[in-house]
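Proteins come first, then strands; the chains are lettered A, B, ... in the order of their sequence lines, and each starts at number 1.
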Amino acid sequence: MLRVRFAPSPTGYLHIGSARTFIFNWLYARRNGGTMILRLDDTDVERNTQASVDSIYDGLNWLDLSWDEFYRQSDRLDLHRAAAATILEKGLAYRDFTPAAGPDAEEKAHDGMAWRANPGQREMSKEESDARAAAGEPFVIRYRVPRDTGRVVSFKDSVYGDQSKSCDDIEDFALLRSSGMPTYHLASCADDADLHISNIIRGQDHLTNTFKHVLIFEALGAAIPQFAHLPLLIAPDGAKLSKRKHGPVVSVTTYRDAGFLPHSYVNFLCLLGWSPKDNREQMTRQEIIDIFSFEGINRSNAVVNFTEEDPIDPKALWLNGQHLRSLPVAEIMPAVTKVLENAGYTIPADAAHFTSVVDLIRARYTTLLDFAGKGRPYFSDEFTIEPAAMEKLDVAGARALLAKLGERLAADAEFTEASVEAHLRALATERGVKAGVLINGSRAALTGQAVGPSAFHLFTAVGRERAIARLKAVAQ
RNA sequence: GGCGCCAUCGUCUAAGGGUUAGGACGGAGCCCUCUCAAGGCUCUAAUAGGGGUUCGAAUCCCCUUGGCGCUACCA
């Protein structure tokens with residue numbers, strides 16, 4: 001039974017690296033008929049926030065990602081403590097009564113020799129340890145890593161291959177804090193064992209932690225899951241992506257708010273550190289599920305390409321544009337509608353016409369936000385005439401010609417691309433001007449923009465009444 | 001400091017002993033064209049450095065360099 005989990009600690013916003021980890025887990029589960037589990041690793045009481053939990057849900061929901069089972073570690077503390085007790089009883093762990101050193105005491109590791117254990121604790125007799133514990137003295141439970149036995153911990157990572165590390169290089173890590181709360185290592189492994197997680201897919205920053213985890217699984221008498229570590233997402237400066245240092249680029253909601261299609265953004269994230277190896281880039285979700293495997297995962301970190309001027313990876317933008325223009329138009333209508341509503345537009349009553357307008361303009365847009373921005377003249381009568389468009393209107397005689405065209409269109413009951421084109425070309429010929437003057441002038445009059453779709457398509461997109469009114473308006 | 005991992009165009013990546021080292025984004029240009037996109041075509045740009053092994057190395061081995069991670073009673 002294939003079971004995978006995504007286990008974020010709710011201490012910040014949903015990070016794009018975390019989202020990608022979820023996606024790879026999800027892909028693996030969906031590809032192989034497994035179960036996807038969402039588990040909140042919230043043992044760090046000090047740093048957990050509800051806002052962070054909400055942000056994780058928001059982000060995952062937006063990305064249209066789902067899970068089959070849900071747990072929170074804070075509900076499972078008894079299990080963790082029992083696991084610690086089991087390991088202690090087996091003699092594979094011991095109590096350490098040394099007061100907490102804190103993060104600033106890192107010097108101990110810099111004296112040439114790595115820190116492995118606090119003096120006098122590991123060797124303490126069971127009697128003394130029990131007595132001091134019974135007397136209420138605070139302690140932390142540490143794993144008793146085998147010493148001088150030549151023991152080497154090994155496992156085979158699905159991405160990084162065979163891994164091994166000498167126990168002499170593993171310190172006696174903590175399992176249970178003096179507060180009685182489990183550490184990440186213990187809680188994570190105890191839960192993974194209890195939930196029968198078969199594959200652990202997570203960031204490469206956990207690669208070296210895995211040796212400790214193998215030790216814990218063994219001590220628990222649990223089956224050791226198959227591990228797969230993912231290369232990390234880093235910033236152009238080579239540093240780990242961080243909210244503090246790199247700002248909103250690390251947050252999933254940034255891309256939602258920037259007008260990305262969720263499936264397109266997932267597509268982009270997948271391409272960071274994974275490749276289908278056949279040069280495909282734009283893929284539907286189903287295509288990715290069908291082709292996903294660990295074979296395609298890289299071992300080197302991937303840079304999310306952004307600068308202060310362009311805070312969004314250009315490739316993500318390009319991919320979004322690809323999805324935007326190639327998806328069946330009906331699929332993007334809900335998202336487009338939402339963006340327009342949020343921007344305060346009245347949604348056209350004629351759904352078929354609305355869809356055709358979206359279809360007409362979408363090839364020129366890269367994000368959903370463009371529909372509300374550049375798309376304004378298509379959905380509202382209040383738009384300004386851009387300078388470049390003004391130039392087209394200021395061509396000698398253009399305004400009068402446009403007004404005349406408006407009159408002729410008003411006099412003709414037929415209003416199709418063909419009929420409009422016929423009127424426009426006839427007028428141009430009649431007055432001895434190039435059709436371009438009227439064509440470009442029409443675009444400028446109808447949309448206030450010098451660039452856009454074919455002018456003739458524009459007439460029907462804007463609609464008969466509006467088109468005539470806009471032609472008339474520029475004459476004044 | 002110790003231990004571990006990683007190293008192909010600016011970025012994402014393909015090639016895993018034999019290729020003019022391929023594709024994509026970005027940038028530049030051409031074509032198409034009523035404009036702008038889209039699309040098509042062309043150009044730009046890479047095997048970190050040094051040693052081996054081999055007829056032949058981006059690919060295997062070693063060293064160096066650089067980057068990242070872990071080294072907390074964070075996760």
Side-chain angles (χ1 to χ4, degrees), chain A residues 7-9 11 41-44 46-47 96 98-106 108-116 138-142 157 160 163-166 168-171 173-179 181-185 187-188 203-212 229 231-232 234 236 238-240 268 271-282 296 298-306 310 313-319 321-322 325-326 361-366 388-389 392 424 434-444 449-456:
Chain A
S9 53
T11 57
D41 275 12
D42 55 353
T43 56
D44 186 357
E46 312 278 300
R47 302 200 298 153
D96 180 346
T98 312
D104 21 270
E106 62 195 39
K108 66 184 178 186
H110 284 227
D111 302 336
M113 272 280 253
W115 175 88
R116 291 207 196 84
F139 60 85
V140 51
I141 294 182
R142 289 188 184 282
D157 189 273
Y160 289 87
Q163 302 293 318
S164 59
K165 186 167 185 166
S166 166
D168 292 333
D169 292 321
I170 303 174
E171 77 284 0
F173 53 94
L175 297 173
L176 202 67
R177 303 178 234 204
S178 53
S179 62
M181 290 296 282
T183 63
Y184 157 74
H185 300 300
S188 178
Q204 190 240 44
D205 46 348
H206 286 298
L207 190 61
T208 43
N209 283 334
T210 305
F211 299 105
K212 297 171 187 170
H229 287 86
L232 266 21
I234 57 174
K240 198 164 137 178
F268 170 71
L271 260 17
L272 254 23
W274 172 79
S275 156
K277 295 184 185 287
D278 60 2
N279 285 343
R280 264 192 297 172
E281 304 216 282
Q282 184 194 353
N298 280 319
R299 284 176 292 278
S300 49
N301 292 165
V303 173
V304 177
N305 199 13
F306 64 90
D310 299 298
D313 194 313
K315 195 153 188 171
L317 252 8
W318 167 79
L319 235 201
Q322 293 297 310
R325 69 181 124 266
S326 60
I361 58 182
R362 64 174 172 155
R364 297 170 169 72
Y365 296 170
T366 54
K392 305 286 186 188
L424 186 147
K434 284 194 288 186
V437 172
L438 274 164
I439 289 173
N440 292 322
S442 295
R443 183 180 299 105
Q449 297 166 354
V451 300
S454 157
F456 303 117

Practice item. Take A/A7 and A/S164, find for each the nucleotide of RNA chain B with the closest heavy atom, and name the residue whose nucleotide sits nearer the 5' end. Key: A/S164
Exercise for review: Provide the distance between the two P atoms, one in B/C60 and one in B/C6, to the nearest whole Å.
Suggested key: 11 Å
Exercise for review: Provide the distance between the two P atoms, one in B/C61 and one in B/G22, to the nearest whole Å.
Suggested key: 25 Å
Point to revise | Separation between CG of A/L232 and CG of A/L272, rounded to the nearest 0.5 Å | key: 11.5 Å
**Study point:** Per-nucleotide protein contact string for nucleotides 25-41 of chain B, where B marks a base within reach and S marks sugar-phosphate only (heavy atoms under 4.0 Å, - for neither)
**Key:** S--------BBBBSS--
Check your understanding: Is there a donor-acceptor pair closer than 3.5 Å between any side-chain N or O of A/S442 and the backbone N or O of A/A455?
Key -> no
Check your understanding: A/V140 has a side chain; which of B/C73, B/U13, B/C70 sits nearest to it?
Key -> B/C73
Check your understanding: Between A/R299 (CZ) and B/U8 (C1'), how many Å, whole number?
Key -> 13 Å
Check your understanding: For A/S166, which contact category applies under a 4.0 Å heavy-atom criterion: base, sugar-phosphate, or nothing?
Key -> nothing
Check your understanding: Looking only at atom P, what distance separates B/C3 and B/C9, rounded to whole Å?
Key -> 29 Å
Exercise for review: Please answer whether the main-chain N or O of A/F306 pairs with a side-chain N or O of A/D313 as donor and acceptor at a distance below 3.5 Å.
Suggested key: no
Check your understanding: Would you find a donor on one side and an acceptor on the other, under 3.5 Å apart, between the side chain of A/S9 and the backbone of A/T11?
Key -> no
**Study point:** Counterpart base for B/C25, defined by Watson-Crick or G-U wobble contacts under 3.5 Å
**Key:** B/G10
Practice item. Please evaluate the base of B/C70 for a donor-acceptor partner in the side chain of A/T208 within a cut-off of under 3.5 Å? Key: no
Review point. In whole Å, what is the span from the CZ atom of A/R280 to the C1' atom of B/C12?
Key: 17 Å
Exercise for review: In whole angstrom, give the distance that lies between atom CD1 of A/I170 and atom C1' of B/U71.
Suggested key: 11 Å
Review point. Between A/S300 and A/N298, does a side-chain hydrogen bond (donor to acceptor under 3.5 Å, both in side chains) hold up when you go through it step by step?
Key: CA-CA 6 Å; A/S300 49; A/N298 280 319; 5.5 Å; no
Check your understanding: Sequence neighbours excluded, which residues qualify as salt bridge (charged side-chain N to carboxylate O under 4.0 Å, His left out) partners of A/D278?
Key -> A/R280
Exercise for review: Give the nucleotide from the list B/C70, B/C3, B/C12 with an atom nearest to the side chain of A/K165.
Suggested key: B/C3
Point to revise | Main-chain N/O of A/P453 paired to A/R443 side chain as donor or acceptor, under 3.5 Å | key: yes
Point to revise | Partners meeting ring pair (Phe, Tyr, Trp, His ring centres under 6.0 Å) with A/Y160 (sequence neighbours left out) | key: none
Check your understanding: When the nearest nucleotide of RNA chain B is assigned to A/H185 and to A/Y160 on a heavy-atom basis, which residue is associated with the more 5' position?
Key -> A/Y160
Point to revise | Distance between P atoms of B/G10 and B/U47 (Å, rounded) | key: 8 Å
Exercise for review: Between B/C73, B/C5, B/C12, spot the one nearest the side chain of A/V303, thanks.
Suggested key: B/C12
**Study point:** Sugar-phosphate, base or nothing in reach of A/Q449, heavy atoms under 4.0 Å
**Key:** nothing
Review point. Just how far, in rounded Å, is P of B/U71 from CZ of A/F173?
Key: 12 Å
Practice item. Searching all strands shown, indicate the nucleotide that pairs with B/A72 (Watson-Crick or G-U wobble; both distances under 3.5 Å). Key: none
Point to revise | Side chain of A/L272 - closest among B/C5, B/C12, B/A75 | key: B/C12
Exercise for review: Could you tell me whether A/S275 contacts a base, only the sugar-phosphate backbone, or nothing, with contacts defined as non-hydrogen atoms closer than 4.0 Å?
Suggested key: sugar-phosphate
Practice item. Determine which nucleotide pairs with B/A46, using a 3.5 Å limit on both distances of a Watson-Crick or G-U wobble pair. Key: none
Review point. When the P atoms of B/C25 and B/G50 are considered, how many whole Å apart are they?
Key: 33 Å
Practice item. Classify the nucleic acid contact of A/P99 as base, sugar-phosphate or nothing, counting any heavy atom under 4.0 Å across all strands shown. Key: base
Check your understanding: Of all the choices, B/A75, B/C12, B/A15, which nucleotide is nearest to the side chain of A/N209 once you look at every atom?
Key -> B/A75
Exercise for review: Please work out if A/H229 contacts a base, only the sugar-phosphate, or nothing of the nucleic acid, heavy-atom cut-off 4.0 Å.
Suggested key: nothing
Point to revise | Interatomic distance where CD belongs to A/Q204 and C1' belongs to B/C3 [whole Å] | key: 14 Å
Practice item. Go ahead and name the base partner of B/C32; Watson-Crick or wobble counts if both distances stay under 3.5 Å, otherwise write none. Key: none
Review point. If you check every side-chain atom of A/D169, which of B/G2, B/G22, B/C5 has the closest atom?
Key: B/G2
Exercise for review: For the pair A/T183 (side chain) and A/L176 (backbone), establish whether a donor and an acceptor sit closer than 3.5 Å, ignoring hydrogens and angles.
Suggested key: no
Point to revise | Proximity to the side chain of A/R47 - top-ranked nucleotide from B/C74, B/C70, B/G4 | key: B/C74
Review point. Does a donor on one side chain sit under 3.5 Å from an acceptor on the other, for A/Q282 and A/S326?
Key: yes
Check your understanding: Given the P atoms of B/A72 and B/C12, what is the spacing between them in whole Å?
Key -> 31 Å
Review point. With a non-hydrogen cut-off below 4.0 angstrom, is A/G321 in contact with a base, only sugar-phosphate, or nothing?
Key: nothing
Exercise for review: Measure from the side chain of A/K240, starting at C-beta and using heavy atoms only, and say which of B/U11, B/G69, B/C73 lies closest.
Suggested key: B/G69
Point to revise | Spacing of the C1' atoms in B/G67 and B/G26 (rounded, Å) | key: 24 Å
Review point. CD of A/E171 versus P of B/G1: gap in Å, rounded?
Key: 18 Å
Check your understanding: To the nearest Å, how far apart are A/I234 CD1 and B/C12 C1'?
Key -> 12 Å
Exercise for review: Determine the interatomic distance between P on B/C63 and the same-named atom on B/G4; round to the nearest Å.
Suggested key: 11 Å
**Study point:** Phosphate OP1/OP2 of B/G67 contacted by A/N301 side-chain N/O (<4.0 Å)
**Key:** no
**Study point:** Who pairs with B/C55 - Watson-Crick or G-U, where each distance is under 3.5 Å
**Key:** B/G18
Check your understanding: Quick one: which of A/K212, A/R116, A/R142 gives a side chain to side chain donor-acceptor pair (under 3.5 Å) with A/E171?
Key -> A/K212
Point to revise | Nearest-angstrom distance from the residue atom CG of A/D44 to P of B/A75 | key: 5 Å
Practice item. Under 4.0 Å between any heavy atoms, over every strand shown, what does A/S326 touch: base, sugar-phosphate, or nothing? Just pick one. Key: nothing
